[in-house]
Enquirer: 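Mind looking over this structure? Questions follow.
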Amino acid sequence: MLLLPALVPAQDVIAKVAASIRTANARELSNHFNATIDLSVPGTEGTFSKAQSEIIMRNFFTKYPPASYTQSHQGQSKDGSQYAIGMYKSGNAVFRAYYLIKTVNGKPAIHQLKFENEE
């Protein structure tokens, strides 16, 4: 029961992140980034600052505007981190989306975000 209060903000962030992906809102999505995040989208992979990551995601959403995003799974790792997995569709392209949220200084933030092509 001690972890329950910590889960509520992370669950709230998961819902907000999913909504930001559905609407291709890179600005809103970046509000949930850690100071640096591990980011992977087609053609770009690495550890980037919050500002760089927002630009990369804006470019991704411009190139692949969303037709739909459905979150298929979410859970908690042994270390208390929250994660979510979903499918992002844009035209004929389909991506498996994954993000990891860790709490830093009492605030949940995205530490890892990946969009991988589904073959």
Enquirer: For Phe48, give me all partners under ring-ring contact (aromatic ring centres under 6.0 Å, His included), at least two apart in sequence or on another chain.
Expert: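 Listed in chain order: nothing, the list is empty.
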
Enquirer: To the nearest 0.5 Å, what is the distance between CD1 on Ile55 and OG1 on Thr44?
Expert: 12.0 Å

Enquirer: Is there side-chain contact between Arg27 and Glu54, with at least one heavy-atom pair below 4.5 Å?
Expert: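 A side-chain contact exists here, since the closest heavy-atom pair is under 4.5 Å.
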
Enquirer: Would you check if the side chain of Asn25 reaches a backbone N or O of Glu28 as a donor-acceptor pair within less than 3.5 Å?
Expert: yes

Enquirer: With side chain to side chain donor-acceptor pair (under 3.5 Å) as the criterion, how do Thr47 and Asp38 come out once you've worked through the C-alpha distance, each side chain's angles and the decisive distance to 0.1 Å?
Expert: CA-CA 4 Å; Thr47 301; Asp38 294 330; 2.6 Å; yes

Enquirer: Can you run down the side-chain hydrogen bond (donor to acceptor under 3.5 Å, both in side chains) pairs that involve residues 84-101, sequence neighbours left out, and say none if there aren't any?
Expert: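 Those involving residues 84-101 are Gln71-Tyr99.
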
Enquirer: So His111 and Ile37, do their side chains get closer than 4.5 Å, heavy atoms only?
Expert: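 Ile37 vs His111: side chains apart.
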
Enquirer: Report yes if the side chains of Leu39 and Met57 come closer than 4.5 Å at any heavy-atom pair, otherwise no.
Expert: yes

Enquirer: Quick check: are there more than 12 heavy atoms from other residues, nucleotides or ligands sitting under 6.0 Å from CG of Asp79?
Expert: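 Enclosed: over 12 neighbouring heavy atoms sit under 6.0 Å from CG of Asp79.
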
Enquirer: Answer yes or no: is there a side-chain heavy-atom contact under 4.5 Å between Ile14 and Gln82?
Expert: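 They are in side-chain contact.
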
Enquirer: Kindly compute the distance separating NE2 (His73) from CE (Met87), expressed to the nearest 0.5 Å.
Expert: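 Going from NE2 on His73 over to CE on Met87, the span is 14.5 Å.
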
Enquirer: Answer yes or no: is there a side-chain heavy-atom contact under 4.5 Å between Ser40 and Leu113?
Expert: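 SC-SC contact between Ser40 and Leu113 ruled out.
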
Enquirer: Can you tell if the side chain of Phe33 reaches within under 4.5 Å of the side chain of Asn31, non-hydrogen atoms only?
Expert: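 SC-SC contact between Phe33 and Asn31 ruled out.
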
Enquirer: Which residues satisfy the salt bridge (charged side-chain N to carboxylate O under 4.0 Å, His left out) test with Glu45, sequence neighbours excluded?
Expert: none

Enquirer: Would you mind reporting whether Ser77 and Tyr83 have side-chain heavy atoms less than 4.5 Å apart?
Expert: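 A side-chain contact under 4.5 Å exists here.
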
Enquirer: Rounded to the nearest 0.5 Å, how far does CD1 of Ile101 lie from CD of Gln74?
Expert: 8.5 Å

Enquirer: Measure the CD-OG distance between Gln112 and Ser81 for me, rounded to the nearest 0.5 Å.
Expert: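 It is 10.0 Å, given to the nearest 0.5 Å.
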
Enquirer: Considering the options Tyr69, Phe61, Tyr64, which one meets the ring pair (Phe, Tyr, Trp, His ring centres under 6.0 Å) requirement together with Phe95?
Expert: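 The passing option is Tyr64.
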
Enquirer: Does some side-chain heavy atom of Val17 sit less than 4.5 Å from a side-chain heavy atom of Ile110?
Expert: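 Result yes, sub-4.5 Å side-chain heavy-atom pair found.
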
Enquirer: Distance check, rounded to the nearest 0.5 Å: Arg58 atom CZ versus Leu29 atom CG?
Expert: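 Output value for this atom pair is 11.0 Å.
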
Enquirer: Locate the shortest heavy-atom distance separating Asn34 from Lys50; write the atom from each residue and the value.
Expert: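 Closest approach of Asn34 to Lys50, heavy atoms only: O-CB, 3.8 Å.
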
